[in-house]
Amino acid sequence: MVEEHIAVTRFRQYLRIKTVHPVPDYGACEEFLKQYAQEVGLECEVYEVVPGKPIVRMTLRGREPSLGSVLCLSHTDVVPVFEESWEHPPFEAKKLPNGAIVARGAQDMKCIGIQYVEAIRRLKARGVTLLRDIHLLFLPDEEIGSYDGMRKWAHTPEFRGLNGVVSLDEGMTDIADKWVVYPGERTVFWFRVVAEGAAGHGSQFLKNTVGPRLVRVAQRLFEFRDSEEVRLSMERRDGRPLSLGDVTTINMTTVSGGVQMNVVPETAEFGFDLRVSPHVNFEALLQWVEDVAAAENCAVRYVEYNKPCPVTRLVPENIWWTHMQATAKDMEVDITPEIFPGATDSRFVRPHMISCFNITPLRKTPRLLHDHNEYVDEEMFLEGLEFYVNILTRFGNVSQAEEEAAKPHCVLRV
């Protein structure tokens, strides 16, 4: 019987830790990661900006620690499951005869956390030393907005003290024979449109009621949604089709109001999830939303407001991007850039003007993050591990002169 690869064994152990919302077992996770760091021979420290929400840092020190460091982000939490819809228990981490490792968090994103550590284990076994420090950051609560995780920690002296200049984080798998890298992400904007008006009996033709006004606001917003959906079928200048991250989406997600069926409510509201592409003038779009609501005497209440993030520039002058391309070329895998359609912890790193690359190096893999029967193929997992061996070697050995020459070309403010 062939012995299981140590990386696969540790991956399956990590998957069995139930860091699932609403009550993730962060204590067991922290202990696993501390023991793992000790096993591999990495410096380890735990921070808590909120009690019970550990941020675990593992570090491989470089020969010149004064240089800017390489940050490797991963989150430890996973989303809830509907166990009855899974073919195998979601926290058993069963490996099927075809090599599929089935578990919640397999793709999103415990695979990457393990690949980081195992890449360093391999570098250490080969006797490789790097110029720069490599920091592996295991972060809580990404799946619920990072309010007690990276959102706060990115503003602390401890984070700034890491002196990061380039960062890796999760992307998404791709069913095609390629990797997708995301140099930027859309901006999350959640808001409620609130109307107040005449109340009364439901049998009357009352004036200035909330329903028609809210519907007219929604119609305007949906017209914009329809136009963006049409744009999604178009092509870029280089002939490639647009991706979801290139357009702006808006969806009604909540409806609230009313007390009973025969009473016209005095107030009601619609909630919307707006994801703004970096190709759009963010402030102008928000002003338009305000104007649409004001035209119907409705108010906009912000639920989640984020400023647009800088985007990493994919130009030959950006040494980090050229190393990303070279790594893919050496491994004979196509790499395609897109804007990330969702939100990751990188949105708290990008404002520090750090070059950020979101990538999940799992090709030929259906996207099952947050879905039932989430899995990772063992062969693709080990190939992704080799990607991190190569990219960390390249990033970790960028000289100060190369970094300084690239600095003006790395990040673009939106």
Side-chain angles (χ1 to χ4, degrees), residues 107-108 142 145 169-176 178-193 216-254 270-293 300 302-315 321 334-351 356-360 366-371 411-414:
Q107 293 185 14
D108 186 13
E142 190 273 348
D169 196 1
E170 64 179 328
M172 288 192 286
T173 64
D174 203 278
I175 193 62
K178 65 177 181 179
W179 296 328
V180 182
V181 61
Y182 303 90
E185 52 193 280
R186 299 194 296 181
T187 303
V188 179
F189 179 51
W190 296 340
F191 64 95
R192 303 192 308 267
V193 178
R216 286 193 292 270
V217 171
Q219 286 174 332
R220 292 287 307 280
L221 299 180
F222 289 150
E223 287 170 4
F224 171 76
R225 181 186 189 277
D226 291 344
S227 68
E228 289 294 288
E229 189 172 11
V230 170
R231 285 188 61 238
L232 187 56
S233 64
M234 299 178 181
E235 293 183 346
R236 299 181 176 92
R237 294 175 185 174
D238 61 7
R240 292 187 298 123
L242 291 176
S243 68
L244 189 60
D246 293 312
V247 299
T248 296
T249 55
I250 185 168
N251 286 288
M252 184 188 293
T253 53
T254 62
F270 290 168
F272 293 90
D273 182 337
L274 178 65
R275 305 294 176 109
V276 185
S277 167
H279 306 310
V280 171
N281 185 317
F282 181 77
E283 295 299 335
L285 179 60
L286 264 56
Q287 185 58 56
W288 177 78
V289 170
E290 295 268 8
D291 292 344
V292 167
V300 175
Y302 295 176
V303 177
E304 169 102 2
Y305 175 89
N306 298 282
K307 292 184 178 180
C309 286
V311 174
T312 300
R313 298 181 67 201
L314 306 186
V315 295
W321 170 234
D334 289 336
I335 189 166
T336 301
E338 295 181 5
I339 295 297
F340 196 78
T344 71
D345 275 335
S346 288
R347 71 189 187 275
F348 309 116
V349 178
R350 297 182 195 277
C356 296
F357 298 94
N358 290 69
I359 182 170
T360 296
R367 290 178 180 172
L368 295 172
L369 61 169
H370 297 202
D371 205 346
V411 183
L412 178 66
R413 288 194 183 275
V414 177

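Not measured: the values here are computed from a predicted model. Only this structure's heavy atoms are used, side chains among them; waters, hydrogens and symmetry mates stay out.
- Salt bridge present: D238 and R240 bring a charged side-chain N and a carboxylate O closer than 4.0 Å.
- Using a 4.5 Å cut-off on side-chain heavy atoms (C-beta onward), M172 and V180 make no contact.
- Between P308 and R350 there is no side-chain heavy-atom pair separated by less than 4.5 Å.
- A 4.5 Å side-chain heavy-atom check between R220 and W288 finds at least one atom pair inside the cut-off.
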Side chain to side chain contact (heavy atoms under 4.5 Å, CB included), that's the test. Do L285 and F224 meet it? Break it down for me.
CA-CA 10 Å; L285 179 60; F224 171 76; 4.0 Å; yes
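- Aromatic ring pairs are classed by plane angle as parallel below 30°, tilted from 30° to 60° and perpendicular above 60°; the pair F282 and Y305 is tilted.
- To the nearest 0.5 angstrom, T187 atom OG1 is 11.0 Å from E304 atom CD.
- Annotation: side chain of V303 is not in contact with side chain of F272 (no heavy-atom distance under 4.5 Å).
- Looking at heavy atoms from C-beta onward, R275 lies in side-chain contact with W190 at the 4.5 angstrom threshold.
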May I have the step-by-step check of side chain to side chain contact (heavy atoms under 4.5 Å, CB included) for H279 and I339, ending in yes or no?
CA-CA 10 Å; H279 306 310; I339 295 297; 4.0 Å; yes
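- Of the charged side-chain nitrogens involved, none lies within less than 4.0 Å of a carboxylate oxygen, so that E228 and R225 do not count as a salt-bridged pair.
- A side chain to side chain donor-acceptor pair (under 3.5 Å) with R186 holds for exactly one of T248, T249, D246; it is T249.
- Side-chain contact between V217 and F270: absent, with no pair of heavy atoms (C-beta onward) separated by less than 4.5 Å.
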